[in-house]
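So you know, we letter chains A, B, ... as the sequences are listed, proteins then strands, and number each from 1.
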Amino acid sequence: MSEISKAYEPQSVEDKWYDFWLKQGCFTADPKSAKPAYSIVIPPPNVTGMLHMGHVLNNTIQDILSRKARMDGKEVLWLPGTDHAGIATQMMVEKQLKKEERLTRHDLGREEFLKRVWVWKEKHGDIIINQLKKLGCSCDWTRERFTMDPEYSRCVQKVFVELYKKGLIYRGKRMVNWCPASQTALSDEEVEMKPQKGFMYHFKVQVAEVVGQASSLSSSSSIKSQPDRQDACPTTVLLTDTWLTIATTRPETIPGDTAVAVNPKDPRYAHLIGKHVIRLLPAELAAEQKLIPIIGDEQVDFEFGTGVLKVTPAHDKVDFEIGTRHKLPLIEVINADGSMNDLAGADLRGLDRFKARKIAVEKLREFEVLVEEKPYENNVGYSQRADVPIEPRLSEQWFLKYPAVEQSKACVAEGQMKFHPDRWAKVYDHWLTNIQDWCISRQLWWGHRIPVWYRYHFIPGGLQGRTTPALETFCGLEMPHGEGWEQDTDVLDTWFSSWLWPFATMGWPESTDTLKKFYPTTDLVTGPDIIFFWVARMIMAGYEFMSEPQFGLPDAMPFKNVYFTGIIRDKQGRKMSKTLGNSPDPLVLIAQYGADALRFGTMRSAPLGQDVLFDEKDVELGRNFCNKLWNACRFRQMQGGEVQGEIDPQLLTADDKWILLKLDAAIREVSIALNEYKFSEATAALYRFFWNEYCDWYVEASKASLPRAITTEASNLSPLEGERAGERGDESSDVSQVVEAPPHPNPLPPGGEGEMQKAAQKASTLAVIDFVLSHAIRMFHPFLPFITEELWHGMGYSTDMPDNQGGKTIMFAPWPLPFDDDFKAHYSLEPSHHDQTSTKYDLVVQGRNLRRVANIQAAKKVKYVFKPAQPLTSHDAEVIKLLLNAEALEVNADYQPPKGTPSVNTSLGELFLPLEGHIDRAAETVRLTKEVEKIAAEIAKVEAKLANPSFTQKVPATVLQEHQQRLVEWQGKLAHAKTALEELG
RNA sequence: GCGCGGUUAGCUCAGUGGUAGAGCAUUACCUUGACACGGUAGGGGUCACAGGUUCGAACCCUGUAUCGCGCACCA
């Protein structure tokens with residue numbers, strides 16, 4: 001750091017050090033290392049994704065944990081990678097295909113389309129990885145994984161086959177959440193309930209009696225999408241005068257109704273059970289084809305709507321259950337793409353479901369059966385990805401019965417695995433208690449193909465002498481031998497691969513060195529929004545697949561701690577999203593403010609477990625802080641001298657001891673905060689220590705020991721007038737002593753005793769500065785990796801360290817430890833030193849305030865007089881003078897101030913600002929009156945407490961003492977202020 | 001409906017029983033040996049409300065209001 005610029009310029013520093021770390025292999029984890037292991041697996045970002053603020057928060061935390069662990073002497077593996085993100089990626093490529101070539105994926109065919117996706121992946125897959133590097137993430141890139149890597153895919157298939165063989169994976173025809181836009185089934189977790197404004201339609205249907213043969217509708221077996229309706233059957237239909245009113249939000253599904261249900265306990269309707277009603281659509285059918293039964297079902301809530309429910313088993317989950325109970329037929333009237341099919345009738349055929357709803361309502365109106373149409377808001381399930389209402393649909397899908405559920409619940413409930421903050425444990429437990437089987441198949445092309453093959457056998461002489469096909473199914477890692485096998489066309493849910501992430505990235509199913517060393521991982525850092533999608537499932541997978549004896553694990557859980565970050569929102573509290581355009585581009589912020597600034601600002605505003613309102617001001621603060629750090633180091637550098645000299649206990653000033661004690665406190669505070677995952681607390685403590693304690697007080701005070709460098713005649717530095725070698729620490733309250741500024745050329749010849757003393761003092765101060773800075777920089781490193789590495793080398797703090805402990809890079813420099821008793825004894829660091837110096841600084845603050853009250857401009861040099869109440873060293877006098885920015889400080893124990901001289905009082909003594917007749921009596925009166933009021937109020941509070949006998953009897957001794965002491969202090973101040981006020985007259 | 005979280009300075013938020021804090025914003029002054037991305041000193045809060053426990057409550061308990069989130073088959 002020979003030439004140091006005035007302001008910190010991150011751009012020139014960041015790439016340099018990142019390259020250096022990579023070249024030196026600083027991020028590479030060694031499974032053979034003897035050091036204790038620390039590991040994290042990254043929540044793999046979508047391979048097509050772009051870095052957003054959520055990633056910044058998430059990955060900065062992981063990087064802080066990783067870097068801290070390295071400094072603690074751990075062998076660290078932070079394992080990175082990306083997720084193939086089935087739907088998201090496929091949609092993105094399809095969109096591009098449509099835009100650039102006006103083609104759909106079907107135009108290309110499966111194979112060709114997948115080629116295109118891989119091309120896209122190769123082209124864009126690195127983007128987010130490079131963005132993470134810009135942020136400073138210390139991931140072991142030599143182990144980067146992708147969920148569609150060949151080895152990873154083998155793991156997915158193996159897991160499928162194993163679970164299939166255990167009977168936990170099965171295929172079945174079920175009601176699933178169908179996304180008409182992406183035309184695939186979705187899991188329950190991918191459905192987001194959204195309130196939607198619509199209408200509740202009330203319409204009436206006529207009750208009919210069936211004479212003779214009952215309608216086939218109530219007894220026929222299930223049918224689906226058959227070209228001819230089978231509900232036709234010759235009967236005699238007698239219309240009655242009774243009408244039933246039905247409430248629905250989905251009139252377009254009327255053609256799919258196969259019953260009307262009432263609660264059997266409902267006195268209004270119970271007697272109608274067994275009769276029929278005339279279904280209104282499709283209108284073109286004959287009356288007897290429109291007959292549907294009235295059934296009784298307990299699930300009908302007679303409080304809701306009219307108490308009469310139309311039952312559409314093919315298009316509603318509840319209706320499907322009712323239909324199953326009553327063996328109702330299924331009539332599917334909506335196609336996979338959300339349009340109406342032929343069975344919906346002539347009026348609706350071919351229409352989109354929402355358009356069809358309007359037409360159906362028109363029809364009802366036309367039939368004069370529409371009783372009411374009122375605005376209504378209800379919750380509708382939306383496809384999270386495509387943002388369209390999902391359609392409950394009956395289809396053949398693969399399902400997983402979740403494994404190891406009880407173990408997974410227990411490990412969190414019993415505390416082997418800790419959630420931070422722990423309230424998420426309850427959410428987790430609740431979900432695991434109520435889970436239903438996971439629909440894992442997706443009708444997509446991009447993803448892990450289901451490892452199942454089918455072929456048909458034709459068995460002659462089946463039913464009624466016809467040849468019937470029989471399906472043969474094979475599940476395995478390889479395609480089976482023999483003719484005619486065809487693989488299942490579906491792929492697996494993306495999360496069915498991500499749930500294996502903690503071990504599939506480490507060489508599973510082999511018991512590799514990496515797994516042995518780094519599994520279970522130490523910490524997982526993720527957002528609570530994927531607690532079900534990912535976290536819970538990983539825990540289950542861990543127990544299911546890592547429990548085997550070959551891994552020799554006492555507990556197969558995938559991680560010991562889960563840290564849930566907040567969600568980053570914008571200033572208005574809205575979730576950041578692409579569509580809203582309210583998400584700033586972190587790379588722009590990095591370019592503008594620097595990666596360290598972005599990290600620091602983000603961490604400072606992200607308390608444990610709370611959402612974060614992002615404000616660019618926070619990043620600005622981070623930048624300002626980096627600049628402060630930079631300039632504090634620049635100041636040290638400008639003093640020259642040996643780097644990291646010996647600290648001589650004999651030469652320590654009160655200020656030196658004060659800052660060392662503050663450093664000790666900061667080390668404790670920051671270390672504790674980090675152990676508890678309280679990053680904003682750690683950041684705040686560092687900020688306060690460095691800016692408010694070190695820069696604002698210590699650096700300023702140290703200037704008393706650092707003679708101003710005077711250009712060419714730098715050797716002619718002056719001792720203070722009246723001060724001689726050996727006088728340090730002398731009591732000076734018995735003589736009037738004036739400390740003047742500015743220092744003037746040394747009257748003594750160079751090499752004189754005073755000169756030697758000054759030089760030694762300076763060296764000692766520089767040693768303290770170096771000590772504090774080298775500790776502070778190390779504590780900042782996990783938060784601010786780039787600037788700290790630059791300063792570590794630039795300041796020369798790396799030079800004396802062993803190569804693997806900070807000599808090469810600050811990354812492996814030891815994390816500062818709180819001072820032990822020996823250290824404190826050696827440098828006589830006692831709390832009393834700290835308190836006295838704090839009082840000194842308090843005196844300075846009050847003294848500065850006098851200047852303001854007297855309306856004296858900050859730049860104007862003034863003379864203060866200090867009347868000490870106890871001995872004061874000449875050094876302290878000099879510090880007070882400097883901090884007051886005074887022209888001179890007269891220390892005079894016998895000072896008799898002119899009446900009305902503004903003054904302040906502390907336990908150290910009284911400080912006066914003699915104004916030589918220019919006292920602003922009015923202003924001073926106002927100030928003092930206000931002060932008296934304030935003090936009196938405080939005294940009243942304390943006195944009231946002390947007057948209470950139950951207080952004095954019950955309170956702990958320390959608290960009592962503290963109150964008594966406080967009272968004495970306030971009383972002293974009050975007396976002082978009152979006297980001053982009286983003197984003003 | 002059930003569960004969770006929030007309500008503290010103009011704004012964003014810390015603060016888990018003992019003198020109400022930070023950053024930003026704001027007022028005044030200042031280019032004083034590193035930093036104007038800076039310095040100095042201020043102003044600004046009956047800690048949402050009502051009860052209770054306690055010598056003492058922003059903090060613990062009960063209830064209310066209000067905002068947000070999650071879960072839930074109400075057509």
Side-chain angles (χ1 to χ4, degrees), chain A residues 4 6-8 193 200 246-250 261 299-301 303-306 308-312 316-321 378-379 392 421 423-424 426-427 430-431 434 528-529 531-532 567 569 571 573 593 597 601 604-605 607 609-615 617-618 620-639 678 680-681 684 687-688 692 695-696 699-700 703 706-710 741-742 845-846 848-853 855-861 882 885 938 941-942 945 948-956 958-960 962-963 966 970:
Chain A
I4 184 163
K6 195 169 169 184
Y8 172 57
M193 298 306 277
M200 176 72 86
I246 301 173
T248 184
T249 52
R250 300 203 62 186
Q299 207 165 350
V300 179
D301 177 357
E303 302 276 311
F304 190 87
T306 59
V308 185
L309 174 69
K310 72 192 245 333
V311 184
T312 324
D316 187 279
K317 221 173 162 184
V318 178
D319 292 6
F320 179 77
E321 287 167 22
N378 63 342
N379 282 327
R423 61 189 157 86
W424 292 110
K426 206 168 170 180
V427 176
H430 182 255
W431 185 76
N434 297 294
D529 49 339
I531 185 170
F532 309 139
I567 310 254
R569 300 173 182 282
K571 265 170 144 181
Y593 298 102
R604 199 172 175 284
S605 57
Q610 293 299 326
D611 286 357
V612 186
L613 295 203
F614 177 79
D615 187 342
K617 286 271 183 203
D618 292 324
E620 208 174 302
L621 174 111
R623 179 204 53 184
N624 294 354
F625 184 79
C626 289
N627 194 51
K628 191 74 177 177
L629 183 59
W630 183 257
N631 273 290
C633 289
R634 197 160 81 104
F635 173 74
R636 161 63 187 95
Q637 189 134 77
M638 289 167 87
Q639 307 306 319
K678 292 177 178 170
S680 62
E681 265 179 37
Y687 184 95
R688 188 210 60 230
N692 303 126
C695 290
D696 287 352
V699 170
E700 293 307 318
K703 289 174 182 173
L706 299 171
R708 197 188 295 256
I710 298 172
V845 170
Q846 293 187 56
R848 286 163 173 168
N849 187 25
L850 286 181
R851 189 196 273 268
R852 146 100 173 165
V853 169
N855 207 15
I856 298 169
Q857 298 207 324
K860 194 180 170 193
K861 291 285 181 183
L882 254 172
N885 192 26
E938 293 296 338
K941 258 200 273 182
V942 184
K945 277 192 180 180
N948 186 343
S950 47
F951 174 79
T952 48
Q953 281 161 23
K954 292 187 185 178
V955 101
T958 49
V959 176
L960 183 63
E962 192 197 317
H963 276 74
R966 203 191 305 159
W970 284 118

Reckon A/A632 touches a base, only the sugar-phosphate, or nothing at all at heavy-atom distances under 4.0 Å? base
Atom-to-atom span, CG of A/D615 to C1' of B/A22 - whole angstrom: 15 Å
Hey, does A/V845 reach any base, or is it just sugar-phosphate, or nothing, if we go heavy atoms under 4.0 Å? sugar-phosphate
Nearest to the A/R848 side chain among B/U40, B/A36, B/C74, which nucleotide is it? B/U40
Please classify the nucleic acid contact of A/C695 as base, sugar-phosphate, or nothing, using heavy-atom distances under 4.0 Å. base
Short side-chain N/O contact to B/G39 OP1/OP2 from A/K628, under 4.0 Å: yes
Could you tell me whether A/L850 contacts a base, only the sugar-phosphate backbone, or nothing, with contacts defined as non-hydrogen atoms closer than 4.0 Å? nothing
Students often get this wrong, so: under 4.0 angstrom with heavy atoms, is A/D301 touching a base, only sugar-phosphate, or nothing? base
Just call it for A/W431: base, sugar-phosphate, or nothing, with non-hydrogen atoms closer than 4.0 Å on any strand. nothing
Would you call A/D319 and A/L309 a side-chain contact if the rule is heavy atoms closer than 4.5 Å? yes
With a non-hydrogen cut-off below 4.0 angstrom, is A/L621 in contact with a base, only sugar-phosphate, or nothing? sugar-phosphate
5' priority, RNA chain B, between A/D696 and A/T249 [closest heavy atom]: A/D696
Mind checking if A/Q299 touches a base, just sugar-phosphate, or nothing, with heavy atoms under 4.0 Å? base
Contact class for A/E303 (heavy atom, under 4.0 Å): base, sugar-phosphate, or nothing? nothing
Residue mapping more 5' on RNA chain B - nearest nucleotide basis, A/K941 or A/K426: A/K426
